[in-house]
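A short write-up of the structure that comes next.
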Amino acid sequence: ASADKSNDVLEVTLQHIYSDETYDLGEDPGLIKDGVEDHLQKYLAEQIERIGEGATLVRREYPTAIGPVDIMAIDGSGKHVAIEIKRNGGIDGVEQLTRYCELLNRDPLLAPVRGIFAAQTITPQARVLAQDRGFDCLILDYDEMKGAEDDSPRLF
């Protein structure tokens with residue numbers, strides 16, 4: 001096996017075969033990954049009040065000339081909010097949100113547009129940059145959002 005992005009090669013040598021059997025396991029259901037960015041986007045859109053009381057959803061994948069904003073909403077005070085969602089929030093996600101907000105704020109029908117950087121985890125550097133640019137940071141608890149039961153002991 002070889003890696004696509006490097007010259008690394010993994011070579012496996014079989015010294016001896018003790019048994020060679022085949023078992024029919026039925027149709028391959030494929031790998032289904034839980035908790036991807038699309039799931040976070042879907043749940044946040046359904047629970048848009050997580051960004052603040054009185055918030056309403058405008059739409060998911062709000063189109064712009066430079067790509068779609070994950071979620072466009074209107075907050076409780078009537079201002080537009082662009083939300084960029086990542087599983088693991090880094091500086092690149094903050095830069096992406098910055099580009100969207102700069103573009104959207106040129107539209108007098110939308111301006112002023114504020115930004116929210118939402119992720120399951122946000123690096124300290126990304127949090128500092130986001131706050132420096134006037135964006136709010138929102139930590140998304142995927143299990144809580146999808147309604148999964150948490151087995152850890154709780155006081156309440």
Side-chain angles (χ1 to χ4, degrees), residues 1-11 28-156:
S2 61
D4 292 335
K5 295 182 181 180
S6 71
N7 294 328
D8 296 341
V9 175
L10 172 65
E11 187 175 300
D28 182 8
L31 179 63
I32 299 171
K33 189 172 182 182
D34 191 25
V36 295
E37 190 176 305
D38 185 58
H39 296 142
L40 292 169
Q41 185 186 112
K42 175 183 175 280
Y43 290 131
L44 185 57
E46 291 170 354
Q47 303 166 31
I48 199 65
E49 68 280 355
R50 287 180 179 267
I51 70 166
E53 189 175 328
T56 57
L57 176 69
V58 173
R59 85 175 265 184
R60 290 175 60 188
E61 299 292 327
Y62 186 87
T64 74
I66 58 173
V69 176
D70 289 334
I71 292 179
M72 180 65 84
I74 297 176
D75 66 17
S77 64
K79 293 182 181 172
H80 283 88
V81 183
I83 305 170
E84 181 59 30
I85 300 172
K86 299 290 182 196
R87 287 185 62 237
N88 301 304
I91 287 176
D92 57 332
V94 177
E95 294 291 355
Q96 188 176 2
L97 180 58
T98 301
R99 291 189 300 272
Y100 290 141
C101 286
E102 286 174 353
L103 181 69
L104 292 167
N105 273 309
R106 294 180 199 159
D107 185 340
L109 298 175
L110 298 176
V113 178
R114 70 181 182 96
I116 295 179
F117 188 52
Q120 287 180 288
T121 61
I122 299 176
T123 65
Q125 299 87 347
R127 182 177 295 278
V128 168
L129 183 61
Q131 291 170 342
D132 183 63
R133 294 192 176 165
F135 301 144
D136 293 328
C137 292
L138 177 63
I139 297 295
L140 302 175
D141 183 334
Y142 177 71
D143 289 334
E144 179 186 324
M145 292 174 77
K146 78 172 189 173
E149 286 296 321
D150 183 2
D151 296 329
S152 61
R154 296 188 204 187
L155 186 56
F156 299 103

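Values below: all heavy atoms of this structure, side chains included; hydrogens, waters and symmetry mates excluded.
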Can you find a pair of side-chain heavy atoms, one from Val113 and one from Leu110, that are under 4.5 Å apart?
yes

What distance do Leu40 atom CG and Arg87 atom CZ have between them, rounded to the nearest 0.5 Å?
7.5 Å

State plainly whether the residues Glu144 and Arg50 are in salt-bridge range, i.e. N to O under 4.0 Å.
yes

Tell me the closest heavy-atom pair linking Ile51 and Arg114, and the distance in Å.
O-NH2, 4.2 Å

Measuring only between side-chain heavy atoms, which start at C-beta, is Leu129 closer than 4.5 Å to Glu95?
yes

Is it true that Asp141 and Lys146 have a side-chain N and a carboxylate O under 4.0 angstrom from each other?
no

Do Ile83 and Val69 touch side chain to side chain, with heavy atoms closer than 4.5 Å?
no

Kindly indicate whether the side chain of Tyr100, heavy atoms from C-beta on, has any atom under 4.5 Å from the side chain of Tyr62.
no

When every non-hydrogen atom of Pro68 is compared with those of Glu61, the smallest separation belongs to CG-OE1, 3.1 Å

Find out whether Phe117 and Ile122 are in side-chain contact, i.e. whether some heavy atom of one side chain is under 4.5 Å from a heavy atom of the other.
yes

Any side-chain heavy atom of Arg99 sitting closer than 4.5 Å to one from Leu103?
no

So, Asp70 and Lys86, do they make that salt bridge, N to O below 4.0 Å?
no

Between Thr64 and Leu104, the two heavy atoms sitting closest are CG2-CD2, 3.9 Å

Got Phe135 and Gln131 here, is their nearest side-chain heavy-atom distance under 4.5 Å?
no

Ignoring hydrogens, what is the shortest heavy-atom contact between Cys101 and Ala82? Give both atom names and the distance.
SG-CB, 4.1 Å

State plainly whether the residues Lys42 and Glu46 are in salt-bridge range, i.e. N to O under 4.0 Å.
yes

Atom CD1 of Ile74 and atom CD1 of Ile48: how far apart are they, to the nearest 0.5 Å?
10.5 Å

Show the nearest heavy-atom pair for residues Ile91 and Gln125, with the distance to one decimal.
CD1-CB, 3.8 Å

For the atom pair CD1 (Ile85) and CD (Gln96), what is the distance rounded to the nearest 0.5 Å?
11.0 Å

CD on Gln47 to CG on Leu140, rounded to 0.5 Å
9.5 Å

Spacing of CZ belonging to Arg127 relative to OG1 belonging to Thr121, to within rounding of 0.5 Å
10.0 Å

Mind listing the closest non-hydrogen atom pair of Ala130 and Cys137 along with its distance?
CB-SG, 3.7 Å

To the closest 0.5 Å, what do you measure between CD (Glu49) and CG (Leu44)?
9.0 Å

